Amino acid sequence: TLAQNRLSRLNSGCMSKNLRLAVALIVGIPLLAFLALSLLVDPQKLSPMLVAQLSKALNRNASIEKLDFKLFPPSFKASNLVIADDPAFSGKPFVKAETVEIRPAILPLLSGQIELQSVRILDPQLELIQNEKGVWNFDSIGASGKSNEPNSLSLNQLLIERANVGIKRPDSPRELYSNLSAELRDYTEGKPFALKVAAQMPSGKSIEAEGTITSAGGTLGRAPRGRR
(Lines give C-alpha, C1' and ligand atoms only; values in the text may rest on other atoms or scores of the structure.)
Protein backbone atom coordinates (compact mmCIF):
# COMPACT_ATOMS: atom_id res chain seq x y z
CA THR A 1 0.00 0.00 0.00
CA LEU A 2 0.95 3.66 -0.29
CA ALA A 3 1.36 4.02 3.49
CA GLN A 4 3.60 0.97 3.66
CA ASN A 5 5.77 2.31 0.82
CA ARG A 6 6.17 5.66 2.57
CA LEU A 7 7.04 3.92 5.85
CA SER A 8 9.59 1.75 4.05
CA ARG A 9 11.24 4.80 2.43
CA LEU A 10 11.28 6.58 5.78
CA ASN A 11 12.94 3.64 7.53
CA SER A 12 15.46 3.35 4.69
CA GLY A 13 16.27 7.05 4.96
CA CYS A 14 16.77 6.79 8.72
CA MET A 15 19.05 3.77 8.32
CA SER A 16 21.07 5.62 5.69
CA LYS A 17 21.47 8.64 7.97
CA ASN A 18 22.47 6.43 10.89
CA LEU A 19 25.01 4.64 8.71
CA ARG A 20 26.51 7.93 7.52
CA LEU A 21 26.64 9.15 11.12
CA ALA A 22 28.37 5.96 12.27
CA VAL A 23 30.94 6.21 9.46
CA ALA A 24 31.56 9.87 10.26
CA LEU A 25 32.15 9.02 13.93
CA ILE A 26 34.45 6.10 13.13
CA VAL A 27 36.56 8.23 10.81
CA GLY A 28 36.22 11.60 12.50
CA ILE A 29 37.00 10.75 16.13
CA PRO A 30 40.47 9.30 15.44
CA LEU A 31 41.26 12.23 13.14
CA LEU A 32 40.23 14.69 15.84
CA ALA A 33 42.33 12.79 18.38
CA PHE A 34 45.41 12.88 16.13
CA LEU A 35 44.82 16.57 15.45
CA ALA A 36 44.61 17.27 19.17
CA LEU A 37 47.76 15.22 19.70
CA SER A 38 49.67 17.22 17.09
CA LEU A 39 48.61 20.46 18.78
CA LEU A 40 49.39 19.32 22.32
CA VAL A 41 52.74 17.60 21.72
CA ASP A 42 55.66 20.02 21.74
CA PRO A 43 58.93 18.13 21.08
CA GLN A 44 61.03 21.02 22.37
CA LYS A 45 59.28 20.88 25.76
CA LEU A 46 59.34 17.08 25.92
CA SER A 47 63.01 16.78 24.94
CA PRO A 48 64.42 17.79 28.38
CA MET A 49 61.91 15.45 30.05
CA LEU A 50 63.00 12.53 27.86
CA VAL A 51 66.69 13.22 28.53
CA ALA A 52 66.05 13.48 32.27
CA GLN A 53 64.16 10.18 32.34
CA LEU A 54 66.86 8.43 30.34
CA SER A 55 69.66 9.85 32.50
CA LYS A 56 67.90 8.77 35.69
CA ALA A 57 67.07 5.27 34.42
CA LEU A 58 70.64 4.63 33.22
CA ASN A 59 72.41 6.58 35.98
CA ARG A 60 74.42 8.19 33.18
CA ASN A 61 74.40 11.66 31.68
CA ALA A 62 72.53 11.62 28.37
CA SER A 63 71.91 14.23 25.71
CA ILE A 64 70.15 14.58 22.37
CA GLU A 65 70.63 17.32 19.83
CA LYS A 66 67.09 17.45 18.44
CA LEU A 67 63.71 15.79 18.95
CA ASP A 68 61.11 15.66 16.16
CA PHE A 69 57.53 14.39 16.34
CA LYS A 70 55.77 12.41 13.61
CA LEU A 71 51.98 12.09 13.73
CA PHE A 72 51.42 8.93 11.66
CA PRO A 73 52.21 6.73 13.49
CA PRO A 74 52.80 8.84 16.60
CA SER A 75 56.54 8.66 17.21
CA PHE A 76 59.62 10.72 17.98
CA LYS A 77 62.97 10.82 16.22
CA ALA A 78 65.93 11.85 18.34
CA SER A 79 69.09 13.03 16.62
CA ASN A 80 72.65 12.57 17.91
CA LEU A 81 72.06 10.66 21.13
CA VAL A 82 75.07 10.56 23.47
CA ILE A 83 75.24 8.51 26.68
CA ALA A 84 78.26 9.17 28.87
CA ASP A 85 80.58 6.44 30.09
CA ASP A 86 81.28 5.64 33.73
CA PRO A 87 83.93 8.27 34.60
CA ALA A 88 85.96 5.56 36.34
CA PHE A 89 86.58 4.02 32.91
CA SER A 90 86.56 6.77 30.30
CA GLY A 91 85.71 10.36 29.57
CA LYS A 92 84.52 9.39 26.10
CA PRO A 93 80.90 8.48 25.24
CA PHE A 94 79.63 5.01 26.14
CA VAL A 95 77.05 5.17 23.34
CA LYS A 96 76.69 7.47 20.35
CA ALA A 97 73.85 7.18 17.83
CA GLU A 98 72.84 9.51 15.02
CA THR A 99 69.19 8.40 14.99
CA VAL A 100 66.85 6.97 17.63
CA GLU A 101 63.20 6.27 16.82
CA ILE A 102 60.83 6.23 19.81
CA ARG A 103 57.25 4.94 19.96
CA PRO A 104 55.50 6.35 23.06
CA ALA A 105 52.22 5.45 24.71
CA ILE A 106 49.53 7.83 23.42
CA LEU A 107 47.49 8.72 26.51
CA PRO A 108 50.44 9.98 28.61
CA LEU A 109 51.42 12.27 25.71
CA LEU A 110 48.11 14.11 26.03
CA SER A 111 49.09 15.10 29.56
CA GLY A 112 52.62 16.06 28.55
CA GLN A 113 54.31 12.87 29.78
CA ILE A 114 56.49 10.35 27.92
CA GLU A 115 56.02 6.62 28.51
CA LEU A 116 58.20 4.55 26.19
CA GLN A 117 56.80 1.52 24.37
CA SER A 118 59.52 0.76 21.83
CA VAL A 119 62.89 2.19 20.86
CA ARG A 120 64.88 1.65 17.65
CA ILE A 121 68.54 2.72 17.63
CA LEU A 122 70.24 3.04 14.25
CA ASP A 123 74.01 2.86 13.56
CA PRO A 124 75.18 3.31 17.15
CA GLN A 125 78.77 3.19 18.36
CA LEU A 126 79.33 1.42 21.72
CA GLU A 127 82.48 1.10 23.78
CA LEU A 128 82.72 -1.75 26.32
CA ILE A 129 85.68 -1.59 28.71
CA GLN A 130 86.80 -4.05 31.39
CA ASN A 131 89.22 -3.10 34.15
CA GLU A 132 91.84 -5.22 35.94
CA LYS A 133 89.28 -6.33 38.56
CA GLY A 134 86.99 -7.80 35.90
CA VAL A 135 84.42 -5.03 36.22
CA TRP A 136 82.84 -3.71 33.03
CA ASN A 137 81.86 -0.12 32.33
CA PHE A 138 78.24 -1.19 31.80
CA ASP A 139 77.95 -2.81 35.25
CA SER A 140 77.05 0.53 36.84
CA ILE A 141 74.20 1.26 34.41
CA GLY A 142 71.00 1.85 36.37
CA ALA A 143 72.78 1.68 39.74
CA SER A 144 71.83 4.89 41.51
CA GLY A 145 73.26 3.85 44.87
CA LYS A 146 69.99 4.90 46.52
CA SER A 147 67.79 1.93 47.37
CA ASN A 148 64.82 4.18 48.11
CA GLU A 149 64.96 5.70 44.63
CA PRO A 150 64.65 2.84 42.13
CA ASN A 151 65.24 3.75 38.49
CA SER A 152 62.26 2.07 36.83
CA LEU A 153 62.45 1.49 33.10
CA SER A 154 60.28 -0.74 30.96
CA LEU A 155 60.09 -1.35 27.21
CA ASN A 156 57.98 -3.56 25.00
CA GLN A 157 60.78 -3.65 22.43
CA LEU A 158 64.30 -2.34 21.93
CA LEU A 159 65.91 -2.71 18.50
CA ILE A 160 69.56 -1.99 17.76
CA GLU A 161 70.60 -2.05 14.10
CA ARG A 162 74.02 -1.87 12.40
CA ALA A 163 75.95 -1.20 15.58
CA ASN A 164 79.73 -1.12 15.90
CA VAL A 165 80.92 -2.33 19.30
CA GLY A 166 84.46 -1.84 20.57
CA ILE A 167 85.60 -4.17 23.37
CA LYS A 168 88.71 -3.46 25.43
CA ARG A 169 90.00 -5.94 28.04
CA PRO A 170 93.05 -5.52 30.25
CA ASP A 171 96.34 -6.33 28.50
CA SER A 172 94.51 -7.03 25.22
CA PRO A 173 94.11 -4.97 22.07
CA ARG A 174 90.75 -3.41 21.35
CA GLU A 175 88.41 -5.67 19.35
CA LEU A 176 85.73 -4.39 17.01
CA TYR A 177 82.45 -6.23 16.44
CA SER A 178 80.64 -4.78 13.43
CA ASN A 179 77.12 -4.88 12.01
CA LEU A 180 75.65 -5.92 15.34
CA SER A 181 71.90 -6.19 15.63
CA ALA A 182 69.94 -6.90 18.78
CA GLU A 183 66.31 -7.23 19.77
CA LEU A 184 65.13 -7.02 23.35
CA ARG A 185 61.50 -7.72 24.23
CA ASP A 186 59.32 -7.21 27.29
CA TYR A 187 61.94 -5.53 29.45
CA THR A 188 61.06 -4.49 32.98
CA GLU A 189 63.81 -3.74 35.46
CA GLY A 190 64.49 -6.73 37.70
CA LYS A 191 62.49 -9.22 35.61
CA PRO A 192 63.50 -11.75 32.91
CA PHE A 193 63.44 -10.55 29.32
CA ALA A 194 64.08 -12.03 25.88
CA LEU A 195 67.22 -11.07 23.94
CA LYS A 196 68.37 -11.91 20.41
CA VAL A 197 71.79 -10.81 19.11
CA ALA A 198 73.69 -11.16 15.83
CA ALA A 199 77.11 -9.70 14.98
CA GLN A 200 80.24 -10.04 12.90
CA MET A 201 83.35 -10.96 14.89
CA PRO A 202 86.79 -9.38 14.36
CA SER A 203 87.80 -12.59 12.55
CA GLY A 204 85.02 -12.00 10.02
CA LYS A 205 82.82 -14.86 11.25
CA SER A 206 79.17 -14.19 12.06
CA ILE A 207 77.57 -15.18 15.34
CA GLU A 208 73.97 -15.36 16.51
CA ALA A 209 72.53 -15.96 19.96
CA GLU A 210 69.16 -15.73 21.62
CA GLY A 211 67.75 -16.56 25.00
CA THR A 212 66.42 -15.14 28.23
CA ILE A 213 68.20 -12.79 30.60
CA THR A 214 67.14 -13.41 34.18
CA SER A 215 67.81 -11.36 37.28
CA ALA A 216 68.55 -12.97 40.62
CA GLY A 217 69.72 -10.86 43.51
CA GLY A 218 70.63 -8.05 41.15
CA THR A 219 72.95 -10.29 39.08
CA LEU A 220 72.16 -11.03 35.47
CA GLY A 221 72.15 -14.68 34.48
CA ARG A 222 72.14 -15.61 30.79
CA ALA A 223 70.50 -18.60 29.15
CA PRO A 224 71.47 -18.10 25.50
CA ARG A 225 71.00 -20.34 22.51
CA GLY A 226 73.46 -19.47 19.75
CA ARG A 227 75.43 -20.58 16.76
CA ARG A 228 78.52 -19.45 14.89
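For clarity, every value in this text was computed on a predicted model and none was experimentally measured.
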Residues passing the salt bridge (Lys or Arg N to Asp or Glu O under 4.0 Å) test with D186, sequence neighbours excluded, are none
**Prompt:** Transitively linked via ILVMFWY side-chain contacts under 4.5 Å: M201 with L126?
**Reply:** yes
Smallest heavy-atom separation, E161 atom then P124 atom, equals O-CD, 3.4 Å
Output for pair (S203 OG, Y177 OH), nearest 0.5 Å, gives 8.0 Å
Original post:
Can L159 be reached from L50 by stepping across I, L, V, M, F, W or Y side chains whose heavy atoms are under 4.5 Å apart?
Top reply: no
Contacts of R169 meeting side chain to side chain contact (heavy atoms under 4.5 Å, CB included) (sequence neighbours excluded), chain-then-number -> Q130, W136, I167, S172, E175
Quick note, salt bridge (Lys or Arg N to Asp or Glu O under 4.0 Å) partners involving residues 74-87, not counting sequence neighbours, are R60-D85
Practice task
Answer yes or no: is there a side-chain heavy-atom contact under 4.5 Å between L176 and P202?
Solution key: no
One should read off an interatomic distance between L58 CG and S140 OG, to the nearest 0.5 angstrom, of 10.0 Å
L128 and N137 have their tightest heavy-atom pair at CA-OD1, 3.5 Å
* Asked: Can you hop from L122 to V82 via hydrophobic side chains spaced under 4.5 Å?
  -> no
A62 meets the side chain to side chain contact (heavy atoms under 4.5 Å, CB included) criterion, sequence neighbours left out, with L54, S55, I83
Residues at least two apart in sequence or cross-chain that pass side chain to side chain contact (heavy atoms under 4.5 Å, CB included) with Q117, listed by chain then number, are A105, N156
One should read off an interatomic distance between K196 NZ and S181 OG, to the nearest 0.5 angstrom, of 8.0 Å
Hits for side chain to side chain contact (heavy atoms under 4.5 Å, CB included) against A52, two or more places apart or cross-chain, chain-then-number order -> none
Apart from F89 itself, its cluster of hydrophobic side chains linked below 4.5 Å comprises I129, V135
Worksheet item: Would you find more than 12 non-hydrogen atoms of other residues, nucleotides or ligands less than 6.0 Å from K168 atom NZ?
Response: yes
Review point. Does N61 CG have over 12 foreign heavy atoms under 6.0 Å away?
Key: no
Taken in chain and number order and not counting sequence neighbours, the residues that satisfy side chain to side chain donor-acceptor pair (under 3.5 Å) with D123 are R162
When rounded to the nearest 0.5 Å, the distance separating CG of L184 from CD1 of I160 is 8.0 Å
Expected list for residues 91-104: side-chain donor-acceptor pairs under 3.5 angstrom, two or more places apart:
unit_1: E101; atom_1: OE1; unit_2: R120; atom_2: NH1; d: 2.9
unit_1: E101; atom_1: OE2; unit_2: R120; atom_2: NH1; d: 3.4

